[in-house]
Each structure stands twice: as C-alpha cells, then as structure tokens.
Protein chains: 2
Amino acid sequence: MDSSTPNRQASRSRDPERTKGEILAAALAVFAENGYDGARIQQISHRAGCNPRLIYHYFGSKDDLYLAALRKIYAEIRSREEDLNLAALAPREAILRLAEFTFDFFDGNAPFVSITRSENLLGGQYIRQLPEINRLSNPLIEKIAEVLKRGEGTGEIRPGIDPMQLYISIVALSAHHINAAHTLSATFGTDLTDPKWRQTRRAHVVTLVAAAVSKEKSQS
Amino acid sequence: MDSSTPNRQASRSRDPERTKGEILAAALAVFAENGYDGARIQQISHRAGCNPRLIYHYFGSKDDLYLAALRKIYAEIRSREEDLNLAALAPREAILRLAEFTFDFFDGNAPFVSITRSENLLGGQYIRQLPEINRLSNPLIEKIAEVLKRGEGTGEIRPGIDPMQLYISIVALSAHHINAAHTLSATFGTDLTDPKWRQTRRAHVVTLVAAAVSKEKSQS
DNA sequence: CAAATAAGTAAACGCTCGTTGAATTATAAT
DNA sequence: ATTATAATTCAACGAGCGTTTACTTATTTG
C-alpha cells in the first residue's frame, strides 16, 4: 500500500544466501569470542544485521547453528591442508614446512582455536556428530608417516618417530600459546598476543621441531 | 579436655569451615566440568551438600566463588613447583625432570587444565585480578635460565634457548593433548584419554624435549 | 538461663535468553 | 494482476538461573 508508507527502517533486501552466510559468519565470531554457553542468539543476529527469528528459520536452533559453525571451520582447515605437498619435499624440509604451516594457520585463525577450545569444554559432544572430520584427517597422518619413513631411509630423520605423536606435538607447540594466551600472559607478565612475541615463538617452534626430528650425529 | 575451652570438634550440623571447604571443592569440580557459564550454583550447592544460599553467605557471588577456585588451583601448583630442585641436577637431567614433572602434573590435575581453559575462554578477566600468580611464577623461569646457562657451559645443551619459550613448549607438549582431547580424538579416531596412549605420549614428549635441548654433534 | 550471634533453610523475585506463533512484505510464477 | 512461496518482522512465552528477603535453628557469650 502506498497510502501509508511505514516509517520503519528500510527492510532488508531479500537474499537468503547472503543472510544465511552472514548469520553463519556472525555465529562463528560470537561462538569464538564467548564459547557456546556465552554466545547469545541476539548478539549473533545483531552482528549479522538480521532478526533473531531468522536464525531459527535457517538453522533450527542454537545447537544446529553451532554445529554448522564447527563444520565450517573444519572444512576450511581441510581445504588448506590440501595445499601442503609434503611428498614433493625433502623429508626434513617437509616436516619444517608442516610446522610453519600449522603455526601460521593457527596464528591467523583465532576463531578455529577458540571454537576448538569451546568444543573441548563441552566434552566434544558436537564434533562427535561430524564423522566426516575423522575421514578427512587421517590422510594427513599417512602423509607424515610416509615422509618420516623416507627420512629414516636417507638418514636425515631420527627413526622411531610416531607420525601422530609428532603432528600432535606440532599442533601443541603452535596452538597452546594461543589457547592459553591469557593465563600464560598473566602468569609470566608477558603479552603473548604481541605480534613480536609471536614471531619469536615461531622461530623457537621451528628450531625445536627441527632439532627434535633431526638425526643426532653418532652419540657415543 | 577442658570443657570451658572452645573446642574445635566438628559438630555435624554446624561447621562453617567444613561447609566452606566443601563448597569450594564442589565449585572447583563443577567449574572444571562445565566452565564458568556452564556451571550452575544449584549444582555446586548440591554437590557440596548444602543450601544454595550458603554460597552467597560465604563467598558473596558466583564471580567471587570462581575467583576463589582459581586462586586455589594456582596455589596448589605453586606448592608443587617448590618440590622441584633443578639446581641440584645436571642441566640436561634437570630439563628432562621438569618435562616429566610438568607432564605428570597436568595428567593428574584435570581440574587445573579445565579451569585454565575456562579462564582463557573468558579472556583472562579473573586471573588478571590475582597479581600474586605472576610474582610466584617468575622464579621458575629464572631457575630454568640458570640451568640452561649451566648446560651451555658444560656443552650439554644447545646455546640460545630462551627459558620462557622452552617452558611454554614443555607446557604445550604436556597440556594440549588434554586440553584438546575431545577434538583430537574425534579428528584422528584415537582415544587420547586412554591411559596407555598417555603413557606413549609421555615417552614421546620426553624424547622430543631431550632431542630439542641436546647439543647437536658438530653439524657442518 | 537469657540474649546475641551466626549457621542454615525455604521460597520467590527479577531478569535473561532460547524459542515460537502468527502476521507482514518482497519476489517469482501463472 | 493474482496467486503462491518464501523471506522477514514483531511480540511474547516459558524455562532457567543468579540472587535476595525473611525466617528458623543451633551455638556462643555474659
């Protein structure tokens, strides 16, 4: 009706895909900043610039939205993982490249680290509903195993290193100072979020990994 | 016993110290299991076997109770830290002992790991109110620095290792598989909470730290 | 013993938040 | 245009939870 123009704010243009995407992106940010329990539906909808009702229209519930966010960040990791071409590198170089890649990935993806933290706080009850994550992660371990085996053959790499243990160690060294940045910063009186500190940390981690996998020269 | 002297013998129904202690212990467990937001006052009081009102009677608010729990777990770490006598050990042995100690400490203190996780999720807003934690942690770094310096002198330890970076690495290697047990278990299809796996992990971490700090034999 | 004080209880208030019913408006098809 | 469909909005419900008021009961003190 043109007789009574509603004076309310101009309504959103209709673009379900964009709205859906904006909700998911906002959810990712809010869940990352506040965790599952701390995140507010209102906050997410506000950040997405939409009505709270739309979240239920498109995603059903807070749980399902969280699941979608979880699925998204792991999909992103998966796609990045494929960029790694470990088989084409010399064994020792491959491990170092993996360490650098992993460090930089976490360093530039605070939401991933945060949501992972939240999910672990919840006892993994949501990630357990996403069986595809397991299927997509095993190939990486196999690639690492292949690199280690190759390195043992050439004598570059100390034998007996378990690929999954090594990868978890690389993840640990790359993620924990982000995961526990606030408590560690308070504990040691140093700002672990400072880019300079992160740079120093990166060098330390790479050096440590290099020393850990390199074969020692005939310890007598 | 003199009947006129105030006797501290506990009466079943009235024992403020015991009640206070039970509330704090219950709070620790519940905060650890559910995080700050997920923890329920009712749940804590039920676990403590007391009326919810008593939590406010003794601690004031949920925030203050959480602060008390946070203070308690760090006090426990502090007291255990003192058991370490790094200066009395050979440099390389001292580092390995520190790694073992740290690993075992986290392995046996799930509440500490969990509450630390919760605190980081909250942006460190509570630990920032406990400045004593910093004062009590710096001595450890200084001890590590002394050990590393000594090790450089004897040639046992590779020069140039930063003590805080090393300690954070040890913490990372010891804590991350606990912190992220659920997501990593789901990701790799392996139960990281299994005691056998933890045993394997322990050996891997110690070996890795040993290789990382040991001086390489004249790499040309 | 009587008064004072502290421990412990019962019940509800007020607010927040996830969620939903139902109306409204824009877009697409007939 | 008319109709159908789906996107969007509005307002409110109902449950849960931190917190508080007011009360009861035990212990201590003079």
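Below, read A as the first sequence line, B as the second, and so on, with proteins coming before strands; counting in each chain starts at 1.
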Whole-Å distance separating the [atom1] atom of [X] from the [atom2] atom of [N]:
X	N	atom1	atom2	answer
B:D63	D:dG18	CG	P	11 Å
A:L54	C:dG18	CG	C1'	15 Å
A:Q42	C:dT16	CD	C1'	9 Å
A:I23	D:dT9	CD1	C1'	13 Å
B:D37	D:dG16	CG	P	18 Å
A:H46	D:dC10	NE2	P	14 Å
B:D64	D:dT20	CG	P	11 Å
B:I55	D:dT19	CD1	C1'	11 Å

Would you indicate whether the side-chain heavy atoms of A:L208 and A:H204 approach each other to under 4.5 Å?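 Answer yes - side chains close enough.
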
Any side-chain heavy-atom pair from A:R128 and B:H182 closer than 4.5 angstrom?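 Counting from C-beta outward, A:R128 and B:H182 do come under 4.5 Å.
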
Which listed nucleotide ([options]) is nearest to the side chain of [X]?
X	options	value
B:H57	C:dG8, C:dT19, D:dC17	C:dG8
A:Y56	C:dT19, D:dT8, D:dT19	C:dT19
A:S61	C:dT19, D:dC17, D:dT19	C:dT19
B:R53	D:dC17, D:dA7, C:dT9	C:dT9
B:N51	D:dA7, C:dT9, C:dC17	C:dT9
A:Y58	C:dG8, D:dC17, D:dA7	D:dA7

Does a side-chain N-to-carboxylate-O contact under 4.0 Å join A:R80 and A:E76?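 So A:R80 pairs with A:E76 through a salt bridge.
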
Please say whether the positively charged group of B:K62, taken as NZ for Lys or CZ for Arg, lies over the ring of B:Y36, i.e. under 6.0 angstrom from the six-membered ring centre and within 45 degrees of the axis.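 Yes, a cation-pi geometry holds between B:K62 and B:Y36.
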
Phosphate-side-chain proximity, A:T19 and D:dA7, N/O vs OP1/OP2 below 4.0 Å: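 Checking A:T19 against D:dA7: no side-chain N or O falls below 4.0 Å of OP1 or OP2.
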
Please report the interatomic distance CG(A:N109) to CD1(A:I115), rounded to the nearest 0.5 Å.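 Reported to 0.5 Å precision, the distance equals 10.5 Å.
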
